[in-house]
Structures are given as structure tokens and as C-alpha cells.
Amino acid sequence: MERGMISVDRWAQGSQAYFLTHLHADHTVGLTPTWKWGPLFCSQVTAKLFLTKFDQFNKLSLLRILDLGRWYSLPLFSPSSGQPVTIQVMAIDAHHCPGAVMYLFRGEFGCMLYTGDFRWETVDPRAEIARGMLLEALKGVKLDILYLDNTYCDPSYCFPSREDASRQVVDIISSHPNHDIVISIDSLGKEDLLFYISKKLKTKDIFTTNTSLTRIRAIPRYSFSMETLQALNLMRPTVGIMPSGLPWMKKIFSGPGNVVGPSPSHGVTCSKTRKQNGVLAITEICNEYIYTVPYSDHSCFSEIKKFVELLQPTDIRGTVSSSPSNVEPRNFFGNQKPFGEVRAGKHEGPQVRSPIETVESILARRERIIKRCGRLISRHFISRLDRVRLLRRLRRGIKITDSEFSP
DNA sequence: GCGATCAGGT
DNA sequence: CACACCTGATCGC
């Protein structure tokens with residue numbers, strides 16, 4: 001395809017149509033509320049999340065929602081000849097985080113698939129549907145280029161399905177019936193895990209910000225540390241679960257689908273790096289509070305391999321340049337012509353909203369808070385740094401109280 | 001004064 | 001050693 005036609009997860013001026021695979025921050029660099037370079041296509045779920053994230057998005061008319069599994073025709077033009085060109089696109093569930101999709105394009109240039117970030121588990125019924133859509137759409141068609149999420153495209157990356165990992169998390173929680181549990185999460189991507197936990201443990205309130213109702217809490221990953229766990233343990237016996245410890249998993253799990261034993265980090269010495277005089281030194285710190293579980297929203301190597309073998313693309317291009325091994329996918333597949341923060345003495349609940357809360361009510365509430373915030377900001381004459389800090393927190397949906405404005 | 005972006009951290 | 005996302009500083013309109 002010519003340059004100047006479409007962009008996927010890239011937000012520079014110069015394309016005629018822009019595609020967003022999912023809402024993680026590293027895929028939206030350059031995308032701002034003042035977006036104006038062209039129509040922005042995404043899934044229904046991403047569109048909803050998008051509007052809560054970019055609440056001042058002023059070009060609603062540029063947002064285009066794509067249903068999954070349907071072909072859409074885009075009338076574009078060739079930048080070189082000026083002639084009209086039609087491109088067809090289909091969005092397919094990528095099983096990465098809520099709303100994440102892959103995009104399948106076809107046109108005069110041939111056929112290409114951009115996976116975005118994706119996980120290709122075969123056991124999940126949702127994955128079955130995506131698989132069906134993909135195969136149906138590609139029936140009798142040669143896939144010319146596969147733009148592939150090659151994050152873990154190295155045979156040494158071998159970890160279990162998210163359901164297995166979720167089971168491990170539940171086992172850890174069950175084996176600590178009298179402990180508080182804190183689970184480190186990012187703002188988007190561990191919802192299924194939290195839902196699984198609440199379902200298996202029959203937690204009464206599925207999601208709540210009232211921390212007195214539950215011993216299991218989700219906290220932001222950036223506030224999850226050894227120090228945090230030690231501080232929490234001064235108050236109540238608490239274990240922390242990190243559903244993401246993948247780099248440490250390299251070569252630990254010997255095969256796909258293996259039953260995974262107790263978390264390897266528990267009771268095992270963890271290492272921490274510290275900078276001394278500009279030189280990296282390793283400080284060994286033993287911790288007894290933290291479990292890591294290999295819960296990944298990216299495909300492991302065997303899943304990537306299966307995916308590539310299924311699609312038989314003519315060419316493959318990795319989309320993650322800083323992939324661990326920094327390995328081009330084709331090396332492996334031949335040239336295939338083929339919430340809250342924890343503070344001293346106090347913590348707020350998970351930053352997970354009730355599923356019944358609508359986008360409209362979130363936006364309306366946010367609007368009210370921002371208005372009130374504006375009044376308080378001018379009344380208290382706070383510094384720019386404090387203001388930036390407050391606005392960032394507002395954007396994340398964290399509750400702001402009057403005391404935050406105290407001089 | 002403000003949003004956007006970078007560097008450096010977890 | 002990944003990923004996603006935080007903070008504070010700086011840039012540029």
C-alpha cells in the first residue's frame with residue numbers, strides 16, 4: 001500500500017484514515033483531545049473507553065466505530081495518482097485488553113493483517129469466534145503481510161493461559177484465608193482476572209471502592225512495591241500478587257499448558273538494581289510477601305507459532321521493535337514465503353468502576369468534578385505542579401476531596 | 001499559562 | 001530482561 005493512506009496506532013499528520021487497536025498509552029502517543037488529522041476508527045468498546053479517557057475530545061464527528069467481523073469499505077485516494085482507491089477493513093477481537101482488535105485490510109495492494117497487541121489462546125470461546133472470523137475472511141485469499149505482535153516471539157517465552165494463571169491467583173488467595181490480598185494492576189487489562197477471582201471466591205460485591213467490604217484489593221502497579229507490602233503488613237497480614245512477572249518466567253516453564261506450581265518468586269530471593277555512582281549494582285532482597293504469576297495479555301511463543309502456521313503469510317513484520325530478544329519473527333518461521341493509592345495508614349479501593357455505570361454518567365460526573373476543581377484551583381491559587389498533578393489524577397478518574405486543596 | 005513531550009522511575 | 005504508566009522537568013505555542 002502507498003504511503004499516506006492509512007495509519008495504525010500512529011498519530012502523525014499525513015494519512016487519510018487512522019486506526020486505533022487499543023487504548024494502552026504506548027499506542028496512543030500523539031493522540032490528543034484536539035485530534036484533527038482524520039477519521040479515527042476503533043471498536044465499540046475502545047470508543048467508549050476513549051471518550052472517558054479523552055473527555056474533552058472535541059471532534060466527536062471524527063470517531064468511527066467498527067463492529068467486529070464485518071467488512072467496511074473506505075473510499076480513499078492514491079496520493080501519487082490522485083485516483084480514487086477503495087480499501088476494505090475488518091476488525092477482529094485481539095484478546096489483549098478490553099476493546100483491543102486486530103485489523104484486516106484488503107484492496108488493490110493485496111491483503112494484510114495488523115495484529116496490534118494480541119493473545120492467541122485457543123481454549124477461550126471468544127478466541128474461537130475470532131478464529132472463525134479470521135478464517136472466514138481469509139478463505140481463498142493469500143495473506144500478503146502479517147504485522148505481528150512479536151513481544152514474546154522467542155521460543156524461551158513459554159507461559160500458561162490466562163485461565164491457568166487466574167487459577168493460580170485464586171489458589172494463592174485461597175491458601176491465605178486470613179490475609180489481606182493486594183493485586184497490582186494497570187488501568188486497563190486485568191478486568192477478566194478480577195472478575196474471575198470474584199466469581200470463584202463468590203465475593204459479594206464484584207467491584208467496589210469500599211475497602212472495608214473486601215480483603216482483596218487491586219492497587220496501581222506503580223504503588224506496588226516491597227516497601228508498600230511491608231507497610232501494609234505492619235497493619236494487617238497482607239500478601240501481594242503481581243500478575244505479570246513474565247521476564248522471570250523465561251525458561252522457568254518448560255512447556256505449554258504445563259501445570260504451574262507455586263509461584264517461583266515466593267520464598268525466592270528477588271533481585272533489585274540500584275544505581276551507585278552511575279554503576280549498576282545488584283542488591284539482593286529477600287521478600288516473603290510477594291507472589292508473581294505469569295499472567296500475560298500477549299501471546300507466548302507457541303501461540304505466535306500456531307497463529308503464523310494457521311495464516312501462512314507471505315511476509316511477516318514485527319511491530320514491537322524492542323522485543324526482548326530483538327528478533328525478527330521470520331527468523332523463527334522461515335522466510336515463509338509463507339483506585340486508589342496506598343498511603344501511610346490509609347488506602348482507597350480499586351480503580352475499577354462498576355460495569356453498570358454508563359459512559360454518560362461518568363462524563364457528567366467528571367464534568368461536575370472538573371468544574372468544582374476549577375473553582376477550587378482558582379480559589380486556592382495552587383501551584384502549576386499541583387495543578388498538573390490534580391488534572392492527571394482527574395483524568396484517571398481518581399476521587400478528589402476538598403482536603404486535597406488545603407494550602 | 002497551558003498542553004505536549006521527554007527522561008527517569010516502578 | 002517486558003510492559004504499562006507514573007512523576008517532574010522542560011519545550012514551545
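Each chain gets a letter, A, B and so on, in the order the sequences are listed, and its residues count up from 1.
- Contact between the side-chain N/O atoms of A:H24 and the OP1/OP2 oxygens of C:dA2 is not found at any separation under 4.0 Å.
- Between A:S244 and the phosphate of C:dC3, there is no side-chain N or O to OP1/OP2 separation shorter than 4.0 Å.
- Between A:D297 and A:K190, at least one side-chain nitrogen of the basic residue sits less than 4.0 Å from a carboxylate oxygen of the acidic one, meeting the salt-bridge criterion.
- Side-chain N or O atoms of A:S43 include one that pairs as donor or acceptor with a backbone N or O of A:G99 at under 3.5 Å.
- Qualifying side chain to side chain donor-acceptor pair (under 3.5 Å) partners for A:S7, counting only residues two or more places apart in sequence or in other chains: A:S15.
- Under 4.0 angstrom from either OP1 or OP2 of C:dA4 there lies at least one side-chain N or O belonging to A:H298.
- The residue A:H96 sits close only to the backbone: its heavy atoms come under 4.0 Å of sugar-phosphate atoms, none of a base.
- For the ring-ring contact (aromatic ring centres under 6.0 Å, His included) criterion with A:Y103, the lone passing option out of A:F19, A:Y18, A:Y114 is A:F19.
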Between the protein and nucleotides 4-7 of chain B, are there any N/O to N/O pairs under 3.5 Å, and if so, what are the atom names and distances?
from, atom 1, to, atom 2, distance (Å)
B:dA4, OP1, A:T32, OG1, 3.4

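- Residue contacts for A:D297: at a heavy-atom cut-off of 4.0 Å it reaches no nucleic acid atom on any strand shown.
- Of the side-chain N and O atoms in A:R389, one or more sit less than 4.0 angstrom from OP1 or OP2 of C:dG8.
- Remark: the backbone N or O of A:S296 is paired with a side-chain donor or acceptor of A:R119 at under 3.5 angstrom.
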_salt bridge (Lys or Arg N to Asp or Glu O under 4.0 Å) for A:R126 and A:D93? Distances and angles first, verdict last._
CA-CA 8 Å; A:R126 260 177 65 204; A:D93 198 342; 3.1 Å; yes
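- Of all nucleotides listed (C:dC6, C:dA2, C:dG8), C:dG8 comes nearest to the side chain of A:L385.
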